[in-house]
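Notes follow the structure.
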Protein chains: 2
Amino acid sequence: MAAFDAPFTPVEPVRAYQRVAEQIEDRILSGELPPGSRLPGERELVSQFGVGRSTVREALRVLQSAGLIRSRPGDPLGAEVLGVSADNLSQALGRLTRSHLCSLGELIQFRMVLEAESNRLAARLRTEDDLTRMAELIERMRSLAGAGTGLRAFSETDALFHQAVAEASRNALLGLCARAVHDAVVEIIEHKIANVADATAWMARSIDHHEQVLAAIRAGDAPHAAQLARRALHAYYADHVEPTARPLLTAALEEE
Amino acid sequence: MAAFDAPFTPVEPVRAYQRVAEQIEDRILSGELPPGSRLPGERELVSQFGVGRSTVREALRVLQSAGLIRSRPGDPLGAEVLGVSADNLSQALGRLTRSHLCSLGELIQFRMVLEAESNRLAARLRTEDDLTRMAELIERMRSLAGAGTGLRAFSETDALFHQAVAEASRNALLGLCARAVHDAVVEIIEHKIANVADATAWMARSIDHHEQVLAAIRAGDAPHAAQLARRALHAYYADHVEPTARPLLTAALEEE
DNA sequence: GAAATCAACTGGTCTGACCAGTGGACTGGC
DNA sequence: GCCAGTCCACTGGTCAGACCAGTTGATTTC
């Protein structure tokens with residue numbers, strides 16, 4: 001049947017650097033080269049693959065731009081394997097936005113969807129351990145806010161809380177994407193974020209929000225947990241998006 | 001205040017190829033180099049940037065692996081600008097799955113979320129033009145199924161329908177990501193997809209589903225439109241995911 | 001006028017070289 | 001024995017020049 005409309009597919013040449021990159025990528029993704037391990041030096045790879053150094057280097061460039069490895073001049077151990085992360089995703093999302101293929105408003109709306117779904121699933125599937133961990137993180141946020149140690153440590157704990165929710169939702173992909181979108185958003189309106197007028201008040205409100213989320217998740221109230229994420233993001237970002245996009249953002253607010 | 005916890009950030013060296021790649025990427029993303037336009041030849045870029053050819057080539061490799069350009073040996077016009085697409089996203093998602101950082105089940109679940117939300121928003125925001133276009137595409141699917149021209153053309157029209165829904169939802173990002181996830185899924189279980197026992201029956205069911213979606217969107221019944229996407233994906237893929245993931249997939253089925 | 005030929009390109013690859021930076025071995029003084 | 005300083009082999013980053021296979025368009029040939 002498949003022979004009807006496309007008996008043959010066009011064959012395009014495979015470059016040498018592609019096959020080198022593929023071989024290395026396969027070993028990284030299969031776990032044979034775990035994060036933290038080292039690749040041989042470039043000159044060693046040259047002799048192992050039987051190609052020139054420029055070919056090896058182009059392959060390494062591709063892997064590096066995909067965030068799979070990192071290399072440092074002078075390092076006698078060779079390039080370091082980083083493993084797969086969400087960096088590449090957020091980079092791609094940032095490009096989409098920068099090229100005006102999608103707007104900041106769409107990014108925010110997308111994040112509303114992801115976090116809401118994360119919360120919803122967490123409310124249904126969370127274990128006691130998940131709840132304990134989330135409560136711990138909120139406690140840590142509270143102490144950080146009290147100590148006045150600045151926003152950076154607070155934001156890190158914030159991210160950990162979201163990660164804990166993602167774990168409780170039993171879908172790592174939701175969490176990874178939400179993180180990627182978050183990073184892309186921060187990259188775009190970073191300067192405005194840094195200008196939070198009163199950091200203390202902001203942290204207090206953030207803690208309050210997280211506690212509500214935790215309560216909803218603990219109670220297993222999936223719709224409410226989802227709605228909390230939507231509302232919080234809308235309230236926080238609505239003023240930052242293009243005025244024309246605001247009605248669309250509001251359209252994503254209610255499920256019903 | 002920011003001076004408290006991180007007065008200085010570490011400065012890492014910027015490689016020459018990075019700055020070359022950045023300059024070109026900026027021009028592509030800003031629209032100054034629209035899709036279809038051509039970059040100068042490598043030797044020309046060498047003299048414009050004042051760097052060696054290997055540096056230029058590594059920069060082009062990075063851009064090419066990001067899907068922004070494409071080059072072909074012997075082409076006197078130089079590398080072609082492709083613009084931003086979802087390819088990079090699906091590539092990143094495929095890597096996540098291949099490295100077992102997320103499972104096929106999570107991918108499917110993620111797609112359920114995206115398509116459901118796309119349908120929901122489309123049901124609220126669609127215009128008459130959107131509805132007309134969707135109806136046209138369903139008509140085209142019907143004629144393709146009747147003509148027995150094979151699955152490929154049918155699947156293309158299918159993709160166009162989903163794109164039309166995404167347009168109606170006024171959030172391109174949802175559509176792009178759904179497409180990326182779709183591609184990643186196809187890449188993983190491609191062989192099983194190709195083995196659809198009875199293509200005719202499958203196409204008939206697909207058309208039926210699309211008609212239901214269109215009806216819900218036309219009626220403005222957002223919850224129902226969303227639910228249709230969830231159910232269809234669940235019904236189609238539930239048998240293909242790891243048995244342990246099935247309860248999780250089912251958990252994402254109902255909103256309530 | 002159509003077909004075969006040719007020459008001037010292109011990108012892909014290889015080689016060999018140099019540089020700045022890194023880290024371990026070696027050496028000195030204590 | 002220990003620590004500081006020096007040194008050197010080696011790394012990745014970059015450059016220059018070369019060759020090849022393939023494309024393209026003009027030129028020649030019939």
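Letters A, B, ... are given to chains in the order of the sequence lines, protein chains preceding strands, and every chain is numbered from 1.
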Think A:S71 has a side-chain N or O under 4.0 angstrom from the OP1 or OP2 of D:dT11?
no
Just the rounded figure in Å: distance from [atom2] of [N] to [atom1] of [X].
| X | N | atom1 | atom2 | answer |
| --- | --- | --- | --- | --- |
| B:E80 | D:dT23 | CD | P | 16 Å |
| A:Q18 | C:dG11 | CD | P | 16 Å |
| B:L45 | D:dC15 | CG | P | 13 Å |
| B:I69 | C:dG11 | CD1 | P | 10 Å |
| A:E42 | D:dC10 | CD | C1' | 12 Å |
| B:R61 | C:dT13 | CZ | C1' | 11 Å |
| A:D75 | D:dC10 | CG | P | 15 Å |
| B:R38 | C:dC9 | CZ | P | 18 Å |

Map A:R15 and A:G74 onto DNA chain C by nearest heavy atom, then report which one ends up closer to the 5' terminus.
A:R15
Mapping A:P73 and A:G50 to their closest nucleotides on DNA chain C, which lands nearer the 5' end?
A:G50
Tell me which of A:P76 and A:R57 sits closer to the 5' end of DNA chain D, going by the nucleotide each one is nearest to.
A:P76
Establish, from distance only, whether the side-chain atoms of B:E115 and B:S118 form a donor-acceptor pair under 3.5 Å.
no
Listed nucleotide nearest any side-chain atom of B:T55, set D:dT14, D:dG12, C:dG12
D:dT14
Among D:dC15, D:dG12, D:dT14, the one nearest B:S54 by side-chain distance:
D:dC15
Check this for me: does any side-chain nitrogen of one of [X] and [Y] sit under 4.0 Å from a carboxylate oxygen of the other?
| X | Y | value |
| --- | --- | --- |
| B:E139 | B:R142 | yes |
| B:D183 | B:R179 | yes |
| B:E80 | B:R72 | no |

Distance-only donor-acceptor test, A:R53 side-chain atoms vs D:dT14 base atoms, 3.5 Å
yes
Using a heavy-atom cut-off of 4.0 Å across all strands, would you classify B:R72 as base, sugar-phosphate, or nothing?
sugar-phosphate
Strictly distance-based, threshold 3.5 Å: is any side-chain N or O of B:E58 a donor or acceptor partner for the main-chain N or O of A:R57?
no
